[in-house]
Every structure is written in structure tokens, then in C-alpha cells.
Amino acid sequence: MQINGQVALVTGASSGIGAAIARKLAAEGVIVGLAARREDKLRALMAEITAAGGQAIVLETDVTDRRSCQDAARKLIERFGRLDILVNNAGLMPLSDVESLKVDEWQRMVDVNVSGVLNATAAALPQMMAQKSGHIFNMSSIAGRKVFTGLSVYCATKAAVAAFSDGLRMEIAPKHNIRVTCVQPGAVKSELYDHITEEKYRQQMDELAGSMTFLEGEDIADTILFALKAPPRMDVAELFVLPTEQGW
Ligand SMILES: NC(=O)c1ccc[n+]([C@@H]2O[C@H](COP(=O)([O-])OP(=O)(O)OC[C@H]3O[C@@H](n4cnc5c(N)ncnc54)[C@H](OP(=O)(O)O)[C@@H]3O)[C@@H](O)[C@H]2O)c1
């Protein structure tokens, strides 16, 4: 399928996987709305995309705030007249043992990883339904398929994203011609591990990084392009992508 000229909203575009997806989409001629909280990072990415001949706009967004998501979608639609792709990528993973009772971190994960996906989906859906076309990518994880100790709450949020993706696809793909893809990466190089406050798990992630070659954000972006370019009759429901050395 031709994606040149389509319009995308990418949440969590200020770093890691989201920034890589935004770059790849822009290189394919997609107009990209860059959504995240760190405006300086988004501006730098927009400059990079523009210098490479692509088109992007900065949409300072907090996905935990429903109105902020609505504003981002509205600005993009007002400027470019449509919305074809939503990448629900924003997320965080501050690992800890449940017994440490880091309840603020739990809440943050629920707010960003789950409510953020719902908020941005609600903001994008009316336009996609009116167009009778669209493609929504929800960033789950290997941690949405399997539970690991120290990741209890994170796994719960990513399982929720996978469950929502299935229900969303069942409801809107046949009725509104909107494809839904749940993306489930294994370990990817990014800033994700920088937010871990429990020393034991920081060390564990460092050891994991030393034991194998992690995926790059570009690898995930390539799988998203594959799903996007698939013929309209085909919905890639899941993308489960692991480092070769990770197994599971
Ligand atoms: N790295 C991995 O191994 C891995 C594996 C499986 C799944 N994932 C998932 O992939 C996604 C991207 O993570 P990453 O690895 O690329 O980590 P990252 O580099 O830390 O990126 C996380 C992104 O989420 C954004 N974000 C956080 N809170 C936000 C909020 N309230 N509103 C808007 N944006 C927010 C951050 O931007 P701001 O701080 O600027 O807002 C940042 O752009 C996450 O959903 C993560 O769970 C990652």
C-alpha cells in the first residue's frame, strides 16, 4: 500500500523507538506529528526530519491528559486535513518489586502505558472513522505476553494494551476499515531503563544489555512500515519482534 502523503501521530516521539518510527515514516513521505512532553527534543527531531526533506510538526503532548491528546489530533487534522496513522508508543518502565510499594511509579505506568493509549486512540478515532480508513499501532511488549519478576505492574499494563488492541481490532477493523497492530518488542536500545529507581533492577538491565545485542529502534520502525505497506486487505494483528539472542 502507498503511504506517501499520509498523516501520522506518533506519541513518545522524543526518544528511542518513537523517534526512530517518526524518522522512518518521514523518510517514506508521511507527514508526522511528533507528540511527547520534551519540546526541545521534538524540535531537534523536526529539524532533522526537515533537513532530510521530510515533513513533521511538533505537538507538545502529555498522553495522560485527555485534552492534550485531543489538542494534538485537532492541530494535525486542522493543518493537514486527515489522520491516517496513530502510533501509541509513549510508555515507561520503572521496575521494582511489588513489596517495595512504589505506588507512585505503578500509577504513572497505568496513566501513561494504559490511559495514554486510550486517550490518544479516542482523539484519533473520530477522524479515522469519518475517513473510513486508518491504522493504529499500540506498543505492547514481550512483557505483555509473559510475566517477569520485578515487572509485575509493567507486564499488567502491557497485557492491557494487548487486550485492548484485540478488542479494538475486532470492533473497528471490519466496521470502519481501520487496521490495528499490536507491537510486542523484546529488548530495544533506548532511554527506557534510565527511569528505573531500584538499584537491583538497574544492574539487572545493565547485565542483560551486556549479555546480548539489543534491537535498535529502527528495527521496530521497519516492522511498522511492513504492516503499513501491506495490501489494504491485510491487517498485521501482531508484531512480536525479539533480539535473536533473547529467545524467551
Ligand atoms: N526499549 C525496550 O526494550 C522496549 C521493549 C518493549 C516495549 N517497549 C515500549 O516501547 C515504547 C517506547 O519506549 P522506548 O524504549 O523508546 O523508551 P524511551 O526512549 O524512554 O521513550 C519513551 C517515550 O515516551 C514518552 N512519554 C513518557 N511519558 C509521556 C507522557 N506522559 N506523555 C507523552 N509522552 C510520554 C517519552 O517522551 P517525553 O519524556 O518527552 O514525554 C519518550 O518519548 C514504550 O511504550 C515501551 O514500553 C520498549
Side-chain angles (χ1 to χ4, degrees), residues 9-24 32-46 58-73 86-95 105 107-120 123 137-146 148 151 153-162 164-165 181-196 201 204-206 208-209 212-221 223-224 238-243 245-246 248:
L9 177 61
V10 180
T11 72
S14 57
S15 63
I17 298 171
I21 292 169
R23 279 189 197 97
K24 287 258 181 188
V32 188
L34 306 169
R37 293 165 306 169
R38 288 172 295 174
E39 204 186 350
D40 54 332
K41 295 252 181 195
L42 297 179
R43 292 213 169 282
L45 180 57
M46 183 180 75
V58 169
L59 299 163
E60 191 184 346
T61 307
D62 183 339
V63 295
T64 67
D65 179 347
R66 208 180 303 163
R67 178 172 287 181
S68 179
C69 290
Q70 299 282 352
D71 285 348
L86 169 64
V87 185
N88 273 318
N89 164 76
L92 66 159
M93 190 189 74
L95 304 183
E105 293 187 355
Q107 187 62 54
R108 197 83 200 125
M109 280 190 274
V110 171
D111 290 347
V112 177
N113 300 3
V114 182
S115 299
V117 169
L118 302 180
N119 290 339
F137 292 87
N138 292 333
M139 196 59 70
S140 179
S141 167
I142 183 176
R145 302 172 68 109
K146 180 178 179 175
F148 303 83
L151 283 80
V153 178
Y154 182 73
C155 289
T157 65
K158 292 302 184 182
V161 171
F164 176 62
S165 302
T181 301
C182 182
V183 190
Q184 301 154 359
V188 184
K189 233 185 266 172
S190 76
E191 295 177 13
L192 195 70
Y193 309 130
D194 297 353
H195 308 290
I196 300 172
Y201 288 111
Q204 192 170 298
M205 296 317 294
D206 286 346
L208 189 70
M212 70 173 79
T213 306
F214 277 17
L215 295 173
E216 302 285 336
E218 290 71 26
D219 300 328
I220 304 304
T223 69
I224 281 180
E238 291 185 358
L239 288 166
F240 182 29
V241 191
L242 301 176
E245 293 172 294
Q246 186 167 23
W248 89 304

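This chain uses plain numbering: 1 for the first residue, then up along the sequence. Order of appearance sets the numbers: ligands from 1, and atoms from 1 within every ligand.
Within the 3.5 Å criterion, the main-chain N or O of V183 finds no donor-acceptor partner in the side chain of S140.
Take E245 and apply the side chain to side chain contact (heavy atoms under 4.5 Å, CB included) test, not counting sequence neighbours, and it matches M212, T213. With sequence neighbours excluded, the residues that form a ring pair (Phe, Tyr, Trp, His ring centres under 6.0 Å) with F137 are H135. Residues that satisfy the side chain to side chain contact (heavy atoms under 4.5 Å, CB included) test with R37, not counting sequence neighbours, are D62, R108.
Note that OG1 of T61 is 11.0 Å distant from CG of N119, once rounded to the nearest 0.5 Å.
The two atoms that bring A120 and N88 nearest to each other are CB-OD1, 3.1 Å, heavy atoms only.
Contact residues for ligand 1 (protein heavy atom closer than 4.0 angstrom to any ligand atom): G12, A13, S14, S15, G16, I17, A36, R37, R38, T61, D62, V63, T64, N89, A90, G91, R108, V112, M139, S140, S141, Y154, K158, P185, G186, A187, V188, S190, E191, L192, Y193.
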